[in-house]
2 protein chains.
Amino acid sequence: MSTRGQDPVAATVERVVAHLREHGHRITMPRRAVVDTLARAEGHPTVEQIAADVAERWPGMHLTTVYRTLETLAELGVVTHVHLAAGTAYHLADPASAGAGTHHVHAQCRSCRRVIDLPDGILDGVRRELAASEGFALEPHHVALSGLCRGCAATG
Amino acid sequence: MSTRGQDPVAATVERVVAHLREHGHRITMPRRAVVDTLARAEGHPTVEQIAADVAERWPGMHLTTVYRTLETLAELGVVTHVHLAAGTAYHLADPASAGAGTHHVHAQCRSCRRVIDLPDGILDGVRRELAASEGFALEPHHVALSGLCRGCAATG
DNA sequence: TTGCTGTTGCGAAGGGGTTGCAGGAAGGCG
DNA sequence: CGCCTTCCTGCAACCCCTTCGCAACAGCAA
């Protein structure tokens with residue numbers, strides 16, 4: 001609660017807002033709301049979860065608006081998405097990489113649906129192998145790997 | 001066209017039919033139709049493609065039936081599916097593995113949507129690594145990897 | 001051949017996401 | 001400061017894919 005570094009969420013929102021403005025987009029409350037929610041979010045919320053979260057603080061905001069806002073933010077590279085076995089999850093792009101595309105790799109538990117982040121280089125070996133043998137340019141961050149997390153593997 | 005090895009498609013259909021019968025399921029024309037289509041299919045058709053293909057030879061077959069048939073075949077382990085970035089693809093399980101679960105790994109080109117098969121062990125290293133570091137039990141065959149195939153990587 | 005029971009076809013409903021349109025607000029400009 | 005243009009939002013209808021309920025049909029065993 002000191003002066004510097006105060007409220008990282010607000011700082012993130014301002015950063016994104018500035019980015020929007022620079023690219024000729026208008027700053028509206030719904031957009032702030034979505035960015036704010038993403039900045040606060042832990043993990044990788046789906047559109048549905050984002051909308052629910054937004055609705056708690058800014059009631060009346062329409063689901064359509066969430067979709068369109070995410071689309072706009074994605075075009076700017078501010079937001080990244082991952083395809084899960086069911087649905088798509090969104091999260092703010094790594095601030096440091098600001099458009100450089102330093103995403104991380106994701107894995108999703110098919111039982112509890114939780115998403116975990118993996119070190120970025122974990123698929124490097126496979127990527128090289130695929131490039132050499134198949135000429136396939138793997139994009140490791142676009143789709144989540146599937147499996148069972150520690151907890152679910154133990155229980156189930 | 002000799003006596004032995006004649007029409008591998010028919011042979012596959014008969015094998016699956018026998019499997020169905022063994023498990024107390026009835027042999028119907030729609031089921032033969034779906035299996036036949038899958039046996040003929042190159043690649044990894046979606047429900048839509050399967051239905052279209054079936055409709056050409058057995059007009060009047062309802063889409064619902066395709067879904068239900070695939071579901072039945074999947075329960076028997078005769079059919080496997082992969083989640084793609086958009087949609088789900090079905091294919092006959094590896095005959096040799098007949099229920100043993102020896103699936104292969106898939107990768108999908110995000111540009112041309114083609115699916116390519118990869119050697120089963122290509123993710124073994126990653127699987128071991130994830131198991132050790134995260135306790136995550138990777139299931140390599142359940143979701144397709146994403147990237148660009150040789151052709152699209154060159155063109156685009 | 002007869003009868004039981006699993007399957008099919010159909011219509012309708014459900015869920016998720018997208019699109020078109022008219023009103024409303026952001027922000028540039030006078 | 002206030003107007004005006006343009007973009008954005010809210011709403012509702014729509015579309016696509018999948019599943020469900022029900023009545024009729026057809027395997028297959030006896």
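First the proteins, then the strands, lettered A, B, ... as listed; each starts at 1.
When the side-chain nitrogen and oxygen atoms of A:H25 are compared with OP1 and OP2 of D:dC8, one or more of them lie within a distance under 4.0 Å. Checking the phosphate oxygens (OP1, OP2) of D:dT9, a side-chain nitrogen or oxygen of A:T28 falls inside 4.0 Å. Here A:R68 does not reach the OP1 or OP2 of D:dG10: none of its side-chain N or O atoms lies under 4.0 Å away. Considering only side-chain N and O atoms, B:R31 lies under 4.0 angstrom from the phosphate OP1 or OP2 of C:dT7. Distances shorter than 4.0 Å separate none of the side-chain N or O atoms of B:T65 from OP1 or OP2 on C:dT8. Using a 4.0 Å cut-off, no side-chain N or O of B:R26 falls inside it from OP1 or OP2 of C:dT8.
Across the protein-nucleic acid pair, A:I50 atom CD1 and C:dG16 atom P stand 15 Å apart, rounded to whole Å. Between A:I27 atom CD1 and C:dA25 atom C1' the separation is 13 Å, expressed in whole Å. In this structure, the CD atom of A:E75 is 14 Å from the P atom of D:dC7, given to the nearest Å. The interatomic distance linking A:E22 (CD) with C:dA26 (P) rounds to 20 Å, in whole Å. Between the CD atom of B:E71 and the C1' atom of C:dT8 there is a distance of 14 Å, given to the nearest Å. Residue B:L20 contributes atom CG, which lies 12 Å from atom C1' of C:dT7 at whole-angstrom precision. Distance CG (A:L70) to C1' (D:dT9): 15 Å, rounded to an integer number of Å. When the C1' atom of D:dC25 is taken as reference, atom CE of B:M61 falls 15 Å away, rounded to whole Å.
Remark: B:R114 CZ is loosely packed, at most 12 non-hydrogen atoms of other residues, nucleotides or ligands lying under 6.0 Å away. For B:E75, the CD atom counts as densely surrounded, since its 6.0 Å shell holds more than 12 non-hydrogen atoms of other residues, nucleotides or ligands.
Using a 4.0 Å heavy-atom cutoff across all strands shown, A:L63 reaches no nucleic acid atom at all. Contact annotation for A:T72: no contact, since no heavy-atom pair falls under 4.0 Å across all strands.
A:H83 has its ring centre less than 6.0 Å from the ring centre of A:H142. In summary, the aromatic rings of B:H106 and B:H44 are positioned with their centroids under 6.0 Å apart.
Minimum atom distance to the side chain of A:P30 is reached by D:dT9, of the listed D:dT9, C:dT18, C:dG9.
Using the six-membered ring where Trp is involved, A:H81 and A:Y90 have ring planes that are tilted, between 30° and 60° apart.
Positionally, the nearest nucleotide of DNA chain D for A:T69 lies more toward the 5' end than for the other of A:T69 and B:T88. Closest-nucleotide positions on DNA chain D for A:M29 and B:T64 were compared, and the one nearer the 5' end corresponds to A:M29.
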